[in-house]
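Step one of this worksheet: look at the structure below.
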Amino acid sequence: MKNALVAKILNRVADFLELKEETFRVRAYRRAAHTIQLLPTDIEEYAKKRKLTELPGIGRNIAEKVEEILETGRLSYLEKLEKEYPIDMDSLLAIEGIGPKTIKILYEKLKIKNLQDLEYHARRGDLRKIKGIGEKKEERILQSIEFVRSTLGRRLLAYAEPIAEYIKSLIEGHPAAERVEIAGSIRRGGETIGDIDILTTTKKPKEIIDYFTSLEVADEIIAKGTKKAIIRLEDGLECELRIFREEEFGAALLYFTGSMEFNVELRKLARSKSMKLNEYGLYKNGKRIASKTEKEIFKALGLEYIQPELRENNGEIEAAARGNLPSLIREDQIMGDLHIHTIWSDGTETIETMARAAKSLGYEYIAVTDHSGSLKIAGGLDEEKLQRQIEEIDNLDLKVHIFKGIEVNIRLDGQLDIPDDILSKLDIVIASIHSPGREDMTERILSAIQDKHVHMIGHPTGRKLFQREEYPLNLDRIFEEAAKTGTILEINANPIRLDLRDIYIKKAIEYGCKLAINTDAHRLPDLHNMKWGVKTARRGWATPHDIINTLKIEKIKRIF
DNA sequence: GCCGTTTTCGGCCCGACTGTTTTCAGTCG
């Protein structure tokens, strides 16, 4: 699966073309990269069938380049550009307040190629001698270098969202604040977050802006105007506040929720209908015809309401025009958690504690699925321990049903590490890979899917955000086989995993796969991670019908 | 570089803020 690599290379080409000020070519490359990033199918499939140009934004020229990347892992065109400008664009562009124009000047005047060069000259005060850069900017650059180095700029959704909620509550506490909403990628439920966007309506903008910029959480004020302000929080995360009037709020929320690609497409749609869309409203013949709510703007554009999680320009606008959007799953429809660990393996709580907590979340059932024996590091269960665990569950009498389960390892040869006669005593068997090896990962998972004792595949692609790439898998084969055998695929709700991820969920559903959203909880608070799993499922266009743990206890008992 | 039942050529989303400017370019989202 080289989609990520291809998209990265095309984006890099776009970065260099920015230096040449080839605006529209830049846009073309970015659009192609975006298409490939969202593609749930191996791009090589399209290349093999010579169907690359059927993808939106990919014409003959870029198709040729994609083919070259797939064949050689490189792109001679990019290498030519890199020779022309031997600059580390990635890291320089990550610096706040520096864009392509500045990079070009810095390279031409000071031969700045990377962060080290930039820091060196910023400390010497060389930058301020350049036209367009002053003392302030130089200072900001130095601070930003530190931030980029320390964090790579992005955070997990589960990390950023509570911070955003807290700041939102602070603003709501101000008497002049009216409506306050979190927008941006947090509202879309994106798996990682670049910054926090908050919108508010007020009749006293200045008071709110002053209040916001003087908050204790504001480590530094990055921008402060009459309609917007940006602060940097202690940990480097940036939070932007925008002020709007009540009658503009829908347009503002729509615009600042994004994504950028979605906005561009929506504005294009408006233009095609001789209208104009901006963050203040939808206009026709210079007259504002919709702006108060997102709903009325969608309606005026001839669209169904599009949930924030779907706004990625990945087919949702077309579906909304046809009135074909899925009715997305909600957290309150989840009836149980089917992947939970306890002190029997590497969890921190007893079965009873986890079960009671699940009950308080309104669940009808859970599955206790501790690790199997070969995962020694996690205190895996052997046959004897498993038997005793089964007895413990039998002796518990709680108001929540407990399925007896196990999370069994898929060994390198694709076999499970617990014998069949034991597995057949259990209600639910989750098979997961915990030790990636050189063997064909697709085959390993396929053989687990085909095992008649296996009900579910845990965290199928193995990716961990900021930590580990997904396994090289042929997901078409896996989804096809899972659909055929009725093997459930997990949407692991751990915020580092979120695995399956959004685009794969969408594809699995198209294959007819059944999915389950599980927390894989090891500690008590982990049970609340369900929220992130549901958001991810929504981003994958999942309806309650696709998610088996929306079933009531009587119905799900027929499965296990 | 891509795209097209208004076009195969001429378009390609739109506005706020900052810093360094004497009226605006660059950056950001």
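Nothing here was measured: the structure is a model prediction, and the numbers come from that model. The figures that follow rest on heavy atoms only: side chains count, while hydrogens, waters and symmetry mates do not. Each chain gets a letter, A, B and so on, in the order the sequences are listed, and its residues count up from 1.
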Categorize Leu17(A) for me: base, sugar-phosphate, or nothing, with a 4.0 angstrom heavy-atom threshold over every strand shown.
nothing
The side-chain contact (heavy atoms from CB on, under 4.5 Å) partners of Thr53(A) (sequence neighbours excluded) come to Ala63(A)
Sequence neighbours left out, what passes ring-ring contact (aromatic ring centres under 6.0 Å, His included) with Tyr305(A)? Give chain and number order.
Phe298(A)
Sequence neighbours excluded, which residues qualify as ring-ring contact (aromatic ring centres under 6.0 Å, His included) partners of Tyr107(A)?
none
Do any N or O atoms of the protein come closer than 3.5 Å to N or O atoms of nucleotides 3-11 of chain B, and which pairs are they?
from, atom 1, to, atom 2, distance (Å)
dC3(B), OP1, Gly57(A), N, 2.8

Going by number, which of residues 202-209 of chain A have a non-hydrogen atom under 4.0 Å from DNA chain B?
none
Does any part of the side chain of Ile141(A), heavy atoms only, come nearer than 4.5 Å to the side chain of Leu118(A), both counted from C-beta?
yes
Who pairs with Thr41(A) by side-chain hydrogen bond (donor to acceptor under 3.5 Å, both in side chains), at least two apart in sequence or on another chain?
Lys507(A)
Close N or O pairs between protein and nucleotides 26-29 of chain B (under 3.5 Å):
from, atom 1, to, atom 2, distance (Å)
dG26(B), O3', Thr102(A), OG1, 3.3
dT27(B), OP1, Gly99(A), N, 2.7
dT27(B), OP1, Gly99(A), O, 3.0
dT27(B), OP1, Thr102(A), N, 2.9
dT27(B), OP1, Thr102(A), OG1, 2.3
dT27(B), OP2, Lys101(A), N, 3.2
dT27(B), O5', Gly99(A), N, 3.4
dC28(B), OP1, Ile95(A), O, 3.4
dC28(B), OP1, Gly97(A), N, 2.8
dC28(B), OP2, Ile98(A), O, 3.4
dG29(B), N2, Tyr255(A), OH, 2.4
dG29(B), N3, Tyr255(A), OH, 3.3

Under 4.0 Å from any atom of DNA chain B, heavy atoms only: list the residues of residues 62-83 of chain A that qualify, in numerical order.
Ile62(A), Lys65(A)
Could you list the residues that satisfy side-chain contact (heavy atoms from CB on, under 4.5 Å) with Arg27(A), not counting sequence neighbours?
Thr23(A), Phe24(A)
My understanding is that only residues two or more places apart in sequence, or in another chain, count here; which of them pass ring-ring contact (aromatic ring centres under 6.0 Å, His included) with Phe256(A)?
Phe244(A)
Output yes if the stacking criterion (under 5.5 Å between centres, under 30° between planes) is met for Phe24(A) over the base of dC2(B), else no.
no
Return whichever of Lys131(A) or Arg60(A) has its heavy-atom-nearest nucleotide of DNA chain B closer to the 5' end.
Arg60(A)
Counterpart residues, side-chain contact (heavy atoms from CB on, under 4.5 Å), relative to Glu480(A) (two or more places apart):
Tyr511(A)
Which ring pair (Phe, Tyr, Trp, His ring centres under 6.0 Å) pairs, counting each pair once, include a residue from residues 60-102 of chain A, with sequence neighbours left out?
none
